[in-house]
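One structure is given below, encoded as structure tokens.
Every chain is numbered from 1, with letters handed out A, B, ... down the list of sequences. Quick caveat: nothing in here was measured; it's all calculated off a predicted structure.
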Amino acid sequence: MRPNRGLGFSSLAVIGAIALACIVAMAILAPWLAPYDPRLSAGPALLGPSGDHWLGTNDLGQDVLSEWLWAARASLLTAALVTIISTALAWLFGVAAGLSSRLDGAAMGVCDLLLALPAVPLCMLVLSIAGSGRRNVILLLALLSWPVFARVVRAQVRQLAHEPYVEAAQAMGAGRLHVAWRHILPGTLALLPAKLLTTVRFALFGEATLAFLGLGDPASKSWGTMLGWAFNDPLLFASQAWLWRVLPPAASIAIVVLAVTWIGTGLEQPHEHPAQLRRPSAAGRRNASRHQPARHAAQPGYGQRAPGTI
Amino acid sequence: MKERGFRGQGSGVRGAVGLALACLLLAGCGTGTAEEAASGSMADHVGHVHVPLLRIAWADVGVPTPFRVSTAGPGGAALLSLMYDTLTWKDSHGIIPWLATSWDVSADGRTYTFTLAPSVRWQDGQPLTSADVAFSFAYYAQHPYRWMSSNVVAAAQALDGTHVAVQLRQPYAPFLEDVAGSLPIIPEHVWASVSDPNTYDGPDATTGSGPFKLAEYQPATGNYRLVANLDYFRGSVHASEIQQLNVPNETRLQAFRQGDVDLVLATDASAESMVANQPRLKSYETEPLSVVRLAINTDSPPLNQLAVRQAIAYALDRQRIAELMTRAPAITGGAGAIPPESPWFNTNLPSVPFDLAKAQEALGGQQINLELLADPSAREPELMQPMLEAAGIHLTVRRADAKTRSELLREGKFQLALTSHIGVGGDPDFLRRWYSGEETNDFAQGSVFHDPAFAQLGASEATTLDQAARKTIVDDMQATIAAQLPTIVLYYRRFYWLYDSTRFTPMDTWGGLMNGMPLPYNKMTFLQLPGSAR
Amino acid sequence: MTRAVRYAGLLAGLVVLNFALPRALPGDPLDGSAAGGMSSATATLPAAAQAQLRAYYHLDQPILGQFTAYLSDLAHGNLGVSISRGTPVAQLIGERLPWTASLVLAAVVIAAVGGSLLGGLLAWKGGRLDRAAVSAAAAVAALPELLIGIGLALVFAVTLRWFPLQGGQASFPESGGVNAFALLADRLLHLALPGLTLTLAGLAAFLLLARGAVAQVRGAPYIRVARAKGLPETTIAMRHAAPNAALPLLSYSATRLAQAVGGATLGGAIVVERLYSIPGIGLLAFQSIQARDYPVLQAVFLLASLSILVVNLSADVLCQALERRRAA
């Protein structure tokens, strides 16, 4: 075990959490912090940053700072809910499919169906029928984003299921749920940062994409739609206005994605093998070898069992 | 040949990424025309200068035949106008003879007899005769031209080699401009044997008589290459080659600045700053032939009340909306949907000023809720919401893509619809067609207005051939719209074309190209007409 | 066997859904406009032209008749004719598939291989570099494709002029004297920036996945045993660690690959294809959705479904083989 020197991932996770907390706080306090009504055309268009408008004004003369603060609410809410729902579904389906061959066919069938269906027309259809409120957008984005990682988690679970400590636990007669919770789940946490990154990204940009298909919630603006409106302007780069129109939303999305990724890498225990972490099971392993002497005798030592033979 | 190498002197990638990007960006925008300035002393007027190549930035407009060209936007019809000819055409002053050197109208206004120019040839060398003209009308009756309806034509008959008589179902004032001036004449020897023009792909499918021949169309990339027709009947073509390239909006202006294209469209006035102080690059603003307006469903309460429609008109600060959207002086006059610089504009229209008190008064203090249907990328609704809110009108914005909008509008499932389109600069018969339901194109979407007097005016406008008498009727129609408000004009827009003045000279067309397109590449700008003053 | 049945059932269901989905969307292929090149201008199609085209494309028939006609056409290998372009669908797809194949697939493959190797290596070595690389990759991936693309275009095309600004190839190569090598070089030059954009946007996920997977096996007992046996570090990494870490990566790569072929996702490939004017399948699908071009949509969605199913099926089989050999 290498000692964590300098800024380790866990300290990065703390930094990420603090950054995220700050942005969340600003979003919550938006009504009190925002200097202007974000809907009101408060000044001339495309004004640079000044004392009156700290982040300048956009093409409609709206105050970019106020716009940004209010947009943070929509963006964070969408990102958080989509990520939570999607991650929960991915793990639920992935672990179930990986552990149970009976559930595997059905779970992967649903995955493949969702993956194979064209997302854009599906969104258009569902949202035009169900209405394009924020709740529906969130549910739809969550629904679309879980299958990829359900497959990934399943692959990891199937690999873990063959790990000796898992087989040992199973052999000991540990309940399926217990095995899944204590032995399989921790081993899949290494996939979490990638899942968080892709899903937060997908949620924030997917929502904006939907908005520009006319499928967003027209009542609320998000960082994604702020970017979308900026890029909608063919003359965005003709002046310096892109500096205050593009950078604030883009940078805050980057900060959120980065923070979430750091937090995710803090949740996993990267440099330690689960076998060591679940120390109590060391005794279990001894028991296990007692229960399954034949198998272990046939394959003495983990080194040879490693798929180095492949 | 494109030169390579570093052009923005003194700017390198240094410091933070964002800062460096900013530096590079500014370098990219600020320098780079020193060489161009040096060579910019070439003749300002392209008129008589031979141009080897003109590259126009546009989108893919599909296979350029009259039966397959894309109907999304005017680009397809404009491209066809370079390859094909029409019986009449328009210059900057009005309708002029083109394939037809002259025409006679019968006393009842139902028969036009055209005399064709002698010795016109198709691009494959065959002579263009009156039979081709008669055939074109007959063929379009079966396989309609995708851009303009020729329904009004009952029959066409070749009288002799150079005379053709076109019989109309009823007298139709816009015939010469909208039909004879828009319908591409097609070769009989190509199309007579084609039963399925929707897919016809033969090598002769694009044979026209126009000043340019299609040399190549890349369907995948959407790029076109046209070469000059050296045997053109109206004079010599002084641009050897025109390329229409598919360049996305995002990079169009950069491509122009970089010299990858020579003519681009920009939709707001701030583009003009890009060519300031650059002798070779110029900008050209068109007449305001594009309108942004609210279509109102006058069947849907409370919009069936004139007072509510007036309240909306009073509550909207159209001046501010127009200035923010066009980044130019606002053009908000013309409540009759005909733009102020059109020859058909009624100069005596009363204008509805921005007046919050009057708006509240018109509503009688009541609060109302309205839904506005708009394109997802439309910016105006966000400005309108607070303005209407102040007057007591709560506006819900429903965004939907073009096809969804079309369906909702067609079925009348809307209250207000924001629409933005061209086609208001040409012949004013569109006013009648919008509200009589005869116009199936998008410009008419959401037109709901049951006013017998207006319908009456429209019927006589369409059949009145006397220009002055017709103008009076059209004035009345505009006055009716301005008073009854079945549509509220927010503002008119100009288009801004940036061009390389050594390769292109923009040209004004009376009322816009064909049925009112604000495009500066009228084919006449590529021609050296014998004896012309150009 | 059951898997074959399951995939066949899925495919049949998808054929039906892919037929029904476009038709269930509000709007009509011949009514009104699709967004054109100029936002302010809308399409015009005279009533007579509309009626004539409606009959031509059998849109005047009842839905069941349309479906049986579609099935019988499909059985004969006929994908129909695009409504918005008047071009046979097979030709459209044939023109675009090579671009998608060369650009999007290359980007996915580069991101997958590069990201995995980099992530694996970083996790193997660990330390400061690992954290810096993960953070950098995540920060880049946090930007939308459009921003990455425009940034690259501004720096490398507009300012430095190393690469062309847009297009899949020179718009009209000089006639004559164009050899295959020059054409290839020209295309590579044109595809560099869009490829880089897509690669950068997709890299982080692979990097993080590989990092996690390798970290997972890094401390595993069999690795320590191998190390104790004094095996060279590369051998341990390549022969012991990599295969164990490969399963989740393989699964993720497969899905990304299939999605890339399919287009019509909410992903950024369409944005990049549009920004750089690359005539790919994603852009075709997107434009066809806007135009409600049923025949094109059916065919593109079928292609997407097929590629997802085939790729996932093969990934399944491959994973199973891996597992079996491990268990053996």
Practice item. Could you tell me which of C/Leu208, C/Leu17, C/Val140 has the largest number of non-hydrogen atom pairs under 4.5 Å with chain A? Key: C/Leu208
Point to revise | Side-chain donor/acceptor of A/Arg201 to backbone N/O of C/Leu143, under 3.5 Å | key: yes
Review point. About how many Å separate CZ of C/Arg3 and CE of A/Met108, when rounded to the nearest 0.5 Å?
Key: 12.0 Å
Check your understanding: Shortest non-hydrogen contact from A/Ala190 to C/Ala213?
Key -> CB-N, 4.5 Å
**Study point:** side-chain contact (heavy atoms from CB on, under 4.5 Å) partner of A/Asp112, chosen from C/Thr255, C/Leu14, C/Asn312
**Key:** C/Asn312
Review point. Counting distance only, does the side-chain N/O of C/Ser251 pair as donor-acceptor with the main-chain N or O of A/Ala155 below 3.5 Å?
Key: no
**Study point:** Residue part contacting chain C, namely of A/Val157, when any heavy atom lies under 4.5 Å
**Key:** neither
Practice item. Measure C/Phe206 against the heavy atoms of chain A and call it side chain, backbone, both or neither at under 4.5 Å. Key: neither
Exercise for review: Give the member of C/Ala315, C/Ser135, C/Ala254 that has the highest number of heavy-atom pairs under 4.5 Å with chain A.
Suggested key: C/Ser135
Exercise for review: Walk me through it: do A/Phe231 and C/Leu147 pass the test side-chain contact (heavy atoms from CB on, under 4.5 Å)?
Suggested key: CA-CA 9 Å; A/Phe231 288 127; C/Leu147 195 58; 3.3 Å; yes
Study note, to complete from the structure: Smallest heavy-atom separation, A/Pro118 atom then C/Leu21 atom, equals CG-CD2, 3.8 Å
Point to revise | Spacing of CZ belonging to C/Arg256 relative to OG1 belonging to A/Thr198, to within rounding of 0.5 Å | key: 8.0 Å
Point to revise | Residue among A/Val200, A/Val257, A/Thr261, A/Leu197 with most heavy-atom pairs under 4.5 Å to chain C | key: A/Leu197
Check your understanding: What option among C/Ile308, C/Leu297, C/Leu207, C/Leu306 has the most heavy-atom pairs under 4.5 Å with chain A?
Key -> C/Ile308
Point to revise | Region of C/Pro26 that comes under 4.5 Å of a non-hydrogen atom in chain A | key: side chain
Check your understanding: Any salt bridge between A/Arg154 and C/Asp316, counting N to O under 4.0 Å?
Key -> yes
Review point. What are the two closest heavy atoms between A/Leu125 and C/Leu25, and how far apart are they?
Key: N-CD2, 3.8 Å
Review point. Which atom pair, heavy atoms only, marks the closest approach of C/Ala142 to A/Ala254?
Key: CB-CA, 3.3 Å
Review point. Given that the side chain runs from C-beta out, which part of C/Arg292 has a heavy atom under 4.5 Å from chain A: side chain, backbone, both or neither?
Key: side chain
Exercise for review: Could you tell me which portion of C/Leu209 (side chain, backbone, both or neither) has an atom closer than 4.5 angstrom to a non-hydrogen atom of chain A?
Suggested key: both
Point to revise | Heavy-atom contact with chain C under 4.5 Å, split by part of A/Ile253 | key: both
Exercise for review: Take C/Arg131 and A/Thr265 through the side-chain contact (heavy atoms from CB on, under 4.5 Å) test and state the conclusion after the steps.
Suggested key: CA-CA 10 Å; C/Arg131 296 188 286 275; A/Thr265 49; over 6 Å; no
Point to revise | Part of A/Leu227 within contact of chain C (heavy atom distance under 4.5 Å) | key: side chain
Practice item. Locate the shortest heavy-atom distance separating C/Ala139 from A/Leu258; write the atom from each residue and the value. Key: N-CD1, 3.7 Å
Check your understanding: Hey, what do you get for CZ (A/Arg151) to CG (C/Leu247), rounding to the nearest 0.5 Å?
Key -> 12.0 Å
Exercise for review: Looking only at non-hydrogen atoms, find the nearest pair between C/Phe301 and A/Pro121 and report the distance.
Suggested key: CZ-CG, 3.4 Å
